Every structure is written in C-alpha cells, then in structure tokens.
Amino acid sequence: MRRVALHLIVASLVIAQSYQALGQSRHERREQRLADSANQNASAEEIKKAQEVVIPGSYDATFDAVVQVLKAKGLTIEAANKDVGQLKTEFQITVPEKPHQHGMRYLIDLRKISEKETGVKVVGLEQVRTFRLQAEPWEPPTYNAEASGALTKAIVDATSTHG
C-alpha cells in the first residue's frame with residue numbers, strides 16, 4: 001500500500017510540473033528564447049580583439065567622461081562598476097530592417113595606469129538575426145572594430161577637451 005501511495009505522489013508531482021511547462025504558450029516560450037539569445041555573452045577571443053587606448057587623465061575623470069559620452073550617444077548603461085572599472089550598455093537594435101537585423105552592445109573596461117593615465121578598452125559586440133516570417137534567435141556576439149573605434153575616438157576626444 002505504501003508503494004502505491006509513493007507512486008501516486010511521484011506521478012502527481014510529474015504531472016504538476018508538466019502542466020506548469022504547458023502553462024506557457026508556445027509564443028511565450030519562443031519570446032523568452034529570443035530574449036535570452038540577445039543576452040548571450042561574448043567569447044574571450046572576441047573580447048581580446050579590442051585594443052586598449054591610454055588616456056591622459058585621472059581614473060575618476062576618465063570614468064565620468066566615458067559615462068557622459070555614452071549618454072551623449074544615447075546609449076543606456078545596463079551595468080556600471082567604478083571600483084572594478086567596467087561599464088556595459090544595454091543591447092540595442094541598430095538595424096531594424098528585415099530580413100537581417102543587427103543589434104549592438106558595448107563593454108568598456110578602464111584600468112588605472114598611474115595618477116595621470118588611464119587605459120580604456122572599448123568592445124563593440126554586434127549580433128545578427130534573420131527575421132523572415134518570424135524572428136530567429138540572435139547569433140553569438142562578434143567584435144565590431146568599426147563601432148569600437150568610433151566610440152573609442154569619441155571618448156578620446158571628450159577626455160582631451162575636458163581632461
């Protein structure tokens with residue numbers, strides 16, 4: 001009798017979890033998968049492609065200048081840690097036209113070299129997805145040298161005029 005009761009309890013737990021999984025519609029599960037694909041992490045090889053630039057200025061002034069440049073460019077900061085020296089922008093769709101949509105996110109690392117010099121590395125990560133009848137998941141992020149260089153130049157220009 002105990003064995004039958006145990007089997008009934010296990011069966012009811014399995015059925016309850018199945019109903020929870022089926023509780024989400026196919027559309028909701030697909031939307032969640034698409035959102036997760038936009039938040040993929042870049043591989044270490046892609047991040048290593050970025051070149052560090054030495055900026056003549058204090059660490060604090062450079063960090064503040066980077067934040068101001070991001071705001072001026074209309075980029076929303078998703079995460080920033082001044083102690084660690086890292087900033088991450090939100091993922092934004094840069095080319096919404098179908099069938100090949102493009103999205104971009106920036107990772108910025110700051111490194112204190114001395115009291116008057118700060119190293120800045122800008123990593124522009126681009127993702128592409130095909131959108132024909134419906135959106136496919138985003139491809140893994142790849143380093144975009146042109147976008148990284150443009151943002152690096154904007155940071156260097158901002159720090160040379162304000163630093």
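What's counted below: heavy atoms across the whole structure, side chains too, no hydrogens, waters or symmetry copies. Small disclaimer: the values here were computed from a predicted structure and weren't measured.
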- Message: So L70 and I155, do their side chains get closer than 4.5 Å, heavy atoms only?
- Response: no

- Message: With side-chain contact (heavy atoms from CB on, under 4.5 Å) as the criterion, how do I47 and E45 come out once you've worked through the C-alpha distance, each side chain's angles and the decisive distance to 0.1 Å?
- Response: CA-CA 6 Å; I47 293 173; E45 292 81 32; over 6 Å; no

- Query: Rounded to the nearest 0.5 Å, how far apart are OG1 of T118 and CG of L110?
  - Reply: 7.0 Å

- Note on the structure: For Q92 and G74 the tightest heavy-atom approach is NE2-O, 3.6 Å

- Query: Under the 3.5 angstrom rule, does the side chain of Y106 hit a backbone N or O of L87 as a donor-acceptor pair?
  - Reply: no

- Query: For R105, which of E78, E90, E126 qualifies under salt bridge (charged side-chain N to carboxylate O under 4.0 Å, His left out)?
  - Reply: E78

- Message: Nearest 0.5 Å, please: how far is OG1 in T62 from CD in E117?
- Response: 10.0 Å

- Task: Measure the spacing between NZ of K121 and CD of Q86 and express it to the nearest 0.5 Å.
- Result: 10.5 Å

- Query: Which heavy atom in A80 sits nearest to a heavy atom in F63, and how many Å separate them?
  - Reply: CB-CZ, 4.4 Å

- At their closest point, which heavy atom of Q101 faces which heavy atom of R129, and how far apart are they? OE1-NE, 2.7 Å

- Message: Check whether F131 forms a cation-pi arrangement with K98 (NZ or CZ under 6.0 Å from the six-membered ring centre, at most 45° off the ring normal).
- Response: yes

- Message: Working note: I108 + V120, criterion side-chain contact (heavy atoms from CB on, under 4.5 Å); need CA distance, chi angles, decisive distance, verdict.
- Response: CA-CA 7 Å; I108 302 165; V120 177; 4.1 Å; yes

- Determine the minimum heavy-atom distance between S148 and G124, stating which atoms define it. OG-N, 2.7 Å

- Euclidean distance, N144 CG relative to K49 NZ, rounded to 0.5 Å: 10.5 Å

- Query: salt bridge (Lys or Arg N to Asp or Glu O under 4.0 Å) between K82 and D64: does it pass, once the steps are laid out?
  - Reply: CA-CA 9 Å; K82 195 171 191 175; D64 294 340; 3.5 Å; yes

- Under 3.5 Å, is there a donor-acceptor pair between the side chain of Q127 and the main chain of E139? yes

- Do you reckon V53 sits in the same ILVMFWY cluster as L151, going by side-chain contacts under 4.5 Å, direct or chained? yes

- Task: Just grab all the side chain to side chain donor-acceptor pair (under 3.5 Å) pairs involving residues 65-77, residues at least two apart or on different chains.
- Result: none

- Message: Let me confirm one number: the CD1-OG1 distance from I77 to T89, rounded to the nearest 0.5 Å.
- Response: 8.5 Å

- Message: Is there a side-chain contact between V122 and V66 in this structure, where contact means two heavy atoms from C-beta onward sitting under 4.5 Å apart?
- Response: no

- Note on the structure: On a heavy-atom basis, the closest approach of Y143 and V123 is CD1-CG1, 4.0 Å

- Item | Distance-minimising heavy-atom pair for M104 and A147 | CE-CB, 3.6 Å

- Task: Report yes or no: do Y59 and V156 belong to one cluster of Ile/Leu/Val/Met/Phe/Trp/Tyr joined by side chain heavy-atom distances under 4.5 Å?
- Result: yes

